Every structure is written in C-alpha cells, then in structure tokens.
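The structure under discussion appears below in the form of structure tokens.
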Amino acid sequence: MHKKWVVRDADKQAASALSEKFNIDPFVAFLMVSRGIVSDMDAAFFVSKNCLMTSPLDFADMDEAVFAIGEAIDIGDSICIYGDYDCDGVTSTALLYDFLSNEGANVRYYIPSRADEGYGLNTDAIDRLHDMGVNLIVTVDNGIASVKEAQHIYDLGMRLVITDHHQLPEGELPRAEAIVNPHRPENNLKFRDYCGVGVAYKLACAMYDGDMDDLCARYMDLVAIGTIADVMPLQNENRSFVRLGLEQINTNPRNALKTFMFHNGNKQYTAADIAFQLCPRINAMGRMSDASQAVEFLLAPSTEYSQPLFDTLNSENAHRQAVEREIIDDVNARIERNPKLAAGRVIVVAGKEYHQGVVGIVAAHISEKYGKPTFIIGIEDGIGHGSARSIEGFNIYDALKACSDDLLQFGGHPLAAGVTISEDKIDSFRRHINEYALAEYPTMPVQELLIDCKVSPIYLTLDLVDSLDVIEPCGAGNPQAVFGLYKLRLVDIKPLSDGKHIRMDLEKNGNRIRVVKFGISPDEFPYHPGDILNVAAKVSRSIYNQRMYLSIQAVDVRLYSTDDDKYFDEKGKYDLYRATGIGDESLYPDRKACALVYKYLKKNNGYNYSLDDLYFRLQEHITYGQLMFAIKAFVQSGLIEYNDRITVNDINEKVNLEDTDVLKSLRGRLEIGREI
C-alpha cells in the first residue's frame with residue numbers, strides 16, 4: 001500500500017528551550033516537540049526514569065471491588081478469574097490469579113475457547129463454574145457489555161466483579177458488585193487508555209497493603225507485555241508501565257521469560273522485540289488452541305516447567321502462521337479470479353471454514369496490501385464469523401451500525417470489529433457497506449507515513465542511536481523515529497536470509513550507507529542500480545562478533561520523482577469511476593498515452609512488479625486512470641498478458657485499441673457524462 005509521506009513540523013525555539021532546560025540532545029528535543037511534548041511538565045515526565053502512578057482509587061467502584069473480593073477471601077468463597085484468550089487477557093488472568101493466590105484466596109481461572117465459545121462471558125461457561133462451586137466471578141479484559149450474562153450469574157446465586165478496559169456500551173451496564181473500567185465517566189482519571197492487564201494491576205494495587213515496589217517487581221513485566229500486545233498508546237502511565245516492565249525483563253526475568261530469552265538471544269529487549277517475538281507466541285495459543293497453557297507458561301515455577309510449554313507456544317505459532325498463509329493465498333486467489341472484490345471501497349471476502357483464530361490477522365494483511373477496510377469471513381454450517389480491520393480515518397464500527405440489518409451480531413472499535421452473519425446475507429452486506437462507504441467517504445482517507453525529519457545520511461550514527469534512547473520505550477502513540485533520506489543513488493542490491501530480505505547500498509555526495517529492507521526478495525524489489533530513491537528509515541544498534549554496528553532499516557522506499565498528491569488525486573478519480581461510472585477525460589488513455597506505456601513495456605520486455613510501481617515510473621507523463629485503462633486495453637487486444645506481471649506478446653498486425661470493449665465503454669460513459 002502506497003502511503004503519503006508527511007514530514008513532522010516543530011517549533012525550533014521550543015525545542016531549543018527544552019534541550020537546554022533538560023540537557024537533551026537538540027535533535028531529540030526537536031522530536032519531542034514535534035510529537036506534542038512541549039510543556040515543562042510533559043517533558044519532565046517523558047524523560048524521567050521515575051514511575052508516576054495514579055491512585056487506583058481514582059477508578060470508580062474500586063473500593064467496592066476491593067470489598068467484594070476481600071470478603072470472598074475472608075469467608076473462603078470460591079473465586080474464578082474469567083479472562084480472555086488474547087495476550088492482554090492472558091497476562092491479566094495470570095497477574096490477578098497469582099496475586100489472589102498469594103493473598104490466600106480460593107481461586108481458579110477460566111478462559112473461554114475462541115473457537116467454541118467466543119469472546120467474553122457466556123451462559124454455558126457460567127453454568128459450569130456454578131457447578132464447580134464458584135461463588136464470585138471476576139472478569140479481566142471483558143465483561144462490560146455482558147448484561148444478559150451478568151444477570152444469569154445473579155440468577156444462579158453467584159456474584160460478579162467486572163474489570164475491563166473496552167468502551168462502555170450504549171444503554172445499561174451489567175449488574176455487578178463493582179465495575180472497574182477507565183472509560184466510566186465517574187472516574188477521577190485524566191488518562192484512560194489502560195489495557196486489561198493495566199486495570200487488573202490497579203485492582204491488585206488497591207488490595208495490596210504492602211510495599212508497592214514489591215508488587216511492581218512481581219508483575220510489571222506482565223503489565224508491559226499486555227500493554228504492548230494490545231497496542232495501547234505508550235503515553236502517560238502506560239509509558240511508565242512498559243519502561244519498568246522492560247527493565248524487569250532485562251534484569252530479573254521470570255522463569256518463562258528466561259526460557260524465551262534463551263531461545264531468542266540474550267540481549268536488551270525492547271518493546272518492539274516483545275511485540276514481534278513474544279506476544280505472537282502467546283496470542284497463538286488462544287488463536288489455535290487453549291490459552292490456559294499460555295497462563296501456565298507465564299506463571300511457570302521453574303525453567304524446567306516452562307520449557308515444554310514454550311515448545312507448545314512455538315508449535316502453535318508455527319501452526320498459526322501456516323493456516324494464516326493458506327487463507328491469505330486463498331483470499332488473493334479469489335480476488336484474482338474476481339477483481340471486483342477489491343474494486344470497491346471496502347473489501348469483503350468469505351470462504352468455507354476459514355479458521356476463526358486468524359481471520360483478523362488475514363484482514364489486517366489484506367487491508368495493508370490494498371489500503372482499504374477489509375472483512376474476512378469464515379463460513380461454517382451456513383453461518384459466517386468474520387473480523388474486520390480498517391484504515392485510519394474510516395470508522396468501521398459506524399459502518400457496521402449502518403448495515404446492521406444484514407448482520408446477526410457485531411461489535412468492535414473504529415479500526416477493528418467482528419461480525420456474525422448468515423451466509424445468504426454476505427453479498428447484500430458487501431453491497432450495502434460499499435454503498436455506505438461511497439456515500440460517507442466520497443474520497444477515501446489517505447494513509448500517511450510520518451517522517452520525523454529529513455536528514456543527510458552522514459547524520460545516521462551510533463551516537464544518534466544513543467541519543468534516541470531518551471524516547472524509548474517506543475510503540476503505539478510514541479513510535480520509533482523515522483528519518484527521511486532523499487535523493488540517494490541505488491548502487492547495489494544483495495539478498496539476505498536466502499532471499500527473504502535485501503540489503504541496499506546507497507550513495508549521496510560520496511557518502512555510502514547500507515540499508516536493510518525486511519520482508520522483500522530481490523525479485524520483488526521494483527528498483528534497480530542507478531535509480532534515484534527516497535528512503536524512510538529507522539536506526540538501531542546491531543551486535544556482531546561482539547562489536548556494535550549501526551543498523552539502518554528501510555520502512556519505505558520510493559523513486560525520488562514520486563508525487564504523492566498527484567497519485568492520490570488521480571487514483572481517487574479512478575476508484576470513483578469504478579464505483580459509480582462517474583469520471584472525466586483524465587481517465588482516457590489517448591494514442592500518445594498508450595504509445596508511451598507500450599514503448600516502455602516493449603523496451604523492458606514487460607514488467608514484473610505492481611501496476612502502482614509502473615505508474616510511478618511513468619508518473620510525470622501519464623495519469624493513473626490512463627495507465628490502468630491502457631493496460632486493460634492492451635490485455636483485451638492481445639498485446640500483453642497480465643497475471644501479477646506483464647508479458648508482452650509478439651504481434652505483427654496492427655491493433656486498434658479504440659475498438660476494445662474497455663475503451664469503447666469508457667468513451668461512451670465519459671460522453672454521457674459530458675452530455676449531462
């Protein structure tokens with residue numbers, strides 16, 4: 001997906017003042033100001049190594065929660081921690097279960113099966129817990145919308161405490177002894193973006209009468225892992241949680257993390273390492289199997305106990321990757337057979353027996369590829385269960401509310417959602433949600449890549465990496481710095497890791513740098529030595545043979561001549577035409593435009609990369625719509641074959657492109673548009 005590069009701006013005087021007052025590298029001060037950290041108080045908190053914690057009693061109902069759980073402990077009632085199968089839910093469950101066990105509670109935990117029970121409280125599970133003699137259910141990372149299930153708990157004579165971080169539902173809240181949720185308006189909180197394990201930790205803090213430093217040392221690693229996994233903004237208290245949690249992970253890891261680190265390399269782990277190496281393994285258990293084993297792993301009393309559990313996490317993660325790849329391949333094949341699936345503003349693809357544990361990941365992959373909101377729906381026994389991932393600026397939850405008549409059930413957030421739908425309603429839903437998108441978003445939101453600043457390659461050094469330590473931990477809400485490197489000549493390309501990645505040698509003004517681009521092979525990389533490129537890059541340290549090296553990783557690469565505004569304007573017109581048939585002459589490839597494209601393809605023996613990449617090669621001379629319709633006309637006339645790559649056919653006779661169906665239809669529609 002092509003993104004618009006946006007270079008952050010900052011008040012240089014304010015940055016200079018922060019640099020002097022807090023003895024910060026001027027460049028880092030500039031980054032802080034560009035991210036809105038301007039006041040002395042915000043800057044002091046940002047650079048401080050201290051952890052400024054709000055009182056847990058600032059949460060509404062916290063006293064009531066403490067009383068209800070404390071009373072259950074005192075009278076020996078059976079307590080069940082009712083969790084969730086994702087990483088946030090697993091860490092929440094592990095934390096509160098371990099804490100209450102140490103407080104002398106008669107406590108167990110329960111995590112529903114994603115495949116058989118789905119998210120949150122369900123009456124069958126409640127019945128089973130009742131049969132086990134449970135008196136009090138304490139939810140973590142769920143429960144805020146479970147009105148019917150909460151009443152069922154009380155009908156059976158049990159009690160309920162809800163701890164959750166999801167948005168409050170419209171209408172009534174569930175019946176409970178206490179509802180601890182940062183989004184309740186009754187809270188005395190300035191910061192509300194806690195994850196489930198953050199709320200569970202606050203409950204533990206409220207109940208604990210010992211030294212809070214001890215509690216922090218016992219659980220802050222779990223809080224950090226859950227906060228990172230749930231992509232919560234690393235601001236305010238979350239920033240402190242993750243900073244302290246990473247410090248614990250790197251200096252005094254629990255047994256489970258010792259096992260993880262033994263197999264993944266002994267180094268200083270960052271938030272990114274946890275996000276990409278540990279969290280997917282924990283999540284995989286809930287996606288593919290039994291999340292309770294992930295809880296056991298985190299609470300392992302020894303490395304001997306944690307090792308076989310870690311092996312299980314690894315095998316389930318590998319299984320998840322294989323199933324995910326299989327579904328992605330199937331989705332891509334369906335779109336290839338029926339391009340209309342990806343032509344609209346919203347992509348909806350359904351398939352038989354898509355695994356429910358990975359449809360969300362697949363939706364994210366397809367959404368990233370096409371830059372559009374995407375639903376992936378798995379059908380079984382006539383019922384579809386799907387997940388959606390959206391793009392910034394397109395509220396998928398509002399779209400679902402507008403199409404609710406097609407759905408059996410739905411829920412979610414602006415950027416992610418889940419749906420349940422009858423198989424015979426999928427086509428209707430696809431049509432209605434695209435009609436909604438066209439009406440509410442005449443121009444789809446442009447996706448952006450934020451560049452912190454433009455720099456010359458000579459400024460990328462290990463000293464810069466050392467200076468950037470101040471802004472760690474990085475993640476959602478506080479991303480790793482991205483630098484814009486402009487007008488670099490590509491000198492050489494080398495494959496890495498058996499062709500899974502590439503290394504580029506780039507040169508500017510006699511200075512040469514090496515940049516790694518992950519996840520792309522040399523055959524997929526659409527640039528060649530001699531091309532003049534712009535590169536958006538991150539920097540970090542790399543240790544090899546006990547020596548420290550500068551590592552530069554490309555986030556995005558493009559031709560220097562790329563014009564983002566022209567691209568998005570022209571592509572918007574093309575997409576609008578495909579959706580409505582409304583367009584103008586800028587879409588029509590005249591003889592000159594067709595000759596330009598064909599000569600380029602003939603000269604280069606076809607083209608092996610995406611049509612967007614081809615457009616950027618020719619952008620100065622052609623519009624996006626002209627290129628797309630020219631390619632379609634070439635295919636219909638037999639001049640080329642197109643199947644992910646373009647092959648030029650050997651044709652001797654003359655071809656009249658204006659006789660192709662695609663250009664006749666386009667010409668007719670544009671003439672109708674002019675008459676109107």
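The structure presented is a predicted model; accordingly, all values stated were derived computationally and were not measured. What you see below is based on every heavy atom in this structure, not just the backbone, and it leaves out hydrogens, waters and symmetry mates.
- Salt bridge annotation for D564-R558: present, with a cationic side-chain nitrogen under 4.0 angstrom from a carboxylate oxygen.
- A salt bridge between K571 and D569 is absent, with no side-chain N of the basic residue lying under 4.0 Å from a carboxylate O of the acidic one.
- For F191, the CZ atom sits in a packed shell: over 12 heavy atoms of surrounding residues, nucleotides or ligands are nearer than 6.0 Å.
- Between the E472 side chain and the C474 main chain, a donor and an acceptor come within less than 3.5 Å of each other.
- Here the side chain of D452 pairs a donor or acceptor atom with the backbone of V482 at under 3.5 angstrom.
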Step by step, work out the salt bridge (charged side-chain N to carboxylate O under 4.0 Å, His left out) result for R287 and D86. CA-CA 8 Å; R287 293 183 186 280; D86 70 0; over 6 Å; no

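- Between F518 and I502 the shortest side-chain heavy-atom distance does not fall below 4.5 Å.
- In this structure, the side chains of R35 and N478 come closer than 4.5 Å at one or more pairs of heavy atoms.
- Inter-residue side-chain proximity for V33 and I37 is flagged as unmet; no heavy-atom pair is nearer than 4.5 Å.
- Under the 3.5 Å distance criterion, the side-chain polar atoms of S16 are left unmatched by any main-chain donor or acceptor of K12.
- Of all heavy-atom pairs between F59 and N181, the closest is CD2-C, 4.4 Å.
- Salt bridge present: K4 and D565 bring a charged side-chain N and a carboxylate O closer than 4.0 Å.
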I would like to know whether R254 and D98 meet salt bridge (charged side-chain N to carboxylate O under 4.0 Å, His left out); could you show each step before the answer? CA-CA 13 Å; R254 64 178 59 232; D98 188 73; 5.9 Å; no

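- Within 6.0 Å of NZ in K21 there are 12 or fewer heavy atoms belonging to other residues, nucleotides or ligands.
- Here the closest non-hydrogen pair linking A224 and L246 is CB-N, 4.5 Å.
- Between Q447 and F568, the closest side-chain pair of non-hydrogen atoms is not below 4.5 Å.
- Looking at heavy atoms from C-beta onward, L550 lies out of side-chain contact with R541 at the 4.5 angstrom threshold.
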Start with the C-alpha gap between H166 and H183, add the side-chain angles, then the distance that decides, and say whether ring-ring contact (aromatic ring centres under 6.0 Å, His included) holds. CA-CA 8 Å; H166 294 97; H183 298 293; 8.8 Å; no

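- In this structure, D498 does not pair ionically with K500, as no charged nitrogen and carboxylate oxygen lie closer than 4.0 Å.
- Closest heavy-atom contact between D25 and S467: OD2-OG, 3.3 Å.
- We find that R243 and E247 are not joined by a salt bridge, their nearest charged nitrogen and carboxylate oxygen being 4.0 Å or further apart.
- Within 6.0 Å of the CG atom in N23, the count of heavy atoms belonging to other residues, nucleotides or ligands does not exceed 12.
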Before giving the answer on salt bridge (charged side-chain N to carboxylate O under 4.0 Å, His left out), spell out for D61 and R184 the whole-Å C-alpha distance, their side-chain angles and the decisive distance to 0.1 Å. CA-CA 10 Å; D61 275 11; R184 292 188 64 184; 2.8 Å; yes

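- Between P529 and I493 the shortest side-chain heavy-atom distance falls below 4.5 Å.
- More than 12 heavy atoms of other residues, nucleotides or ligands shown are found within 6.0 angstrom of OH on Y549.
- Side-chain atoms of Y486 do not come within 3.5 Å of backbone N or O of V455 as any donor-acceptor pair.
- In this structure, K3 does not pair ionically with D556, as no charged nitrogen and carboxylate oxygen lie closer than 4.0 Å.
- Classification of K267 and D273 as a salt-bridged pair holds, one side-chain N sitting under 4.0 Å from a carboxylate O.
- For the pair K202 and D58, the salt-bridge criterion is not met [side-chain N within less than 4.0 Å of a carboxylate O].
- You'll find the ring centres of F616 and Y567 inside the 6.0 Å limit.
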Audit row: S306, T259, side-chain hydrogen bond (donor to acceptor under 3.5 Å, both in side chains) steps and yes/no: CA-CA 7 Å; S306 63; T259 300; 2.5 Å; yes

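- For V346 against A437, the heavy-atom pair with the smallest separation is CG2-CB, 3.9 Å.
- Taking each heavy atom of P473 and R239 in turn, the nearest pair found is O-NH1, 3.5 Å.
- Taking the side chain as every heavy atom from C-beta outward, P414 and F394 never approach each other to under 4.5 Å.
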Candidate pair H165 and D193, rule side-chain hydrogen bond (donor to acceptor under 3.5 Å, both in side chains), full reasoning: CA-CA 8 Å; H165 74 113; D193 287 327; over 6 Å; no

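- One finds no salt bridge joining R192 and E237 here, because no Lys/Arg side-chain nitrogen approaches an Asp/Glu carboxylate oxygen to under 4.0 Å.
- A side-chain donor from one of Q553 and S540 sits under 3.5 Å from a side-chain acceptor of the other.
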I'd like to know whether R503 forms a salt bridge (charged side-chain N to carboxylate O under 4.0 Å, His left out) with D492, so could you lay out the CA-CA distance, the side-chain angles of the two residues, the decisive distance to 0.1 Å, and finally the verdict. CA-CA 8 Å; R503 187 191 72 203; D492 195 17; 5.6 Å; no

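- Of the charged side-chain nitrogens involved, at least one lies within less than 4.0 Å of a carboxylate oxygen, so that D531 and R617 count as a salt-bridged pair.
- Residues Y609 and E524 bring no donor and acceptor atom of their side chains to less than 3.5 Å of each other.
- Residues N534 and V557 have side chains not in contact (no heavy-atom distance under 4.5 Å, counting atoms from C-beta outward).
- For the ring-ring contact (aromatic ring centres under 6.0 Å, His included) with F483, the qualifying choice from F27, W5, Y459, F30 is F27, the only one to do so.
- The minimum heavy-atom distance between D88 and G196, with the atom names listed, is OD2-N, 2.8 Å.
- Within a 6.0 Å sphere centred on CD of E186, other residues, nucleotides and ligands contribute more than 12 heavy atoms.
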Under the side-chain hydrogen bond (donor to acceptor under 3.5 Å, both in side chains) criterion, do Y624 and D612 qualify, and how do the steps go? CA-CA 8 Å; Y624 189 88; D612 275 13; 2.7 Å; yes

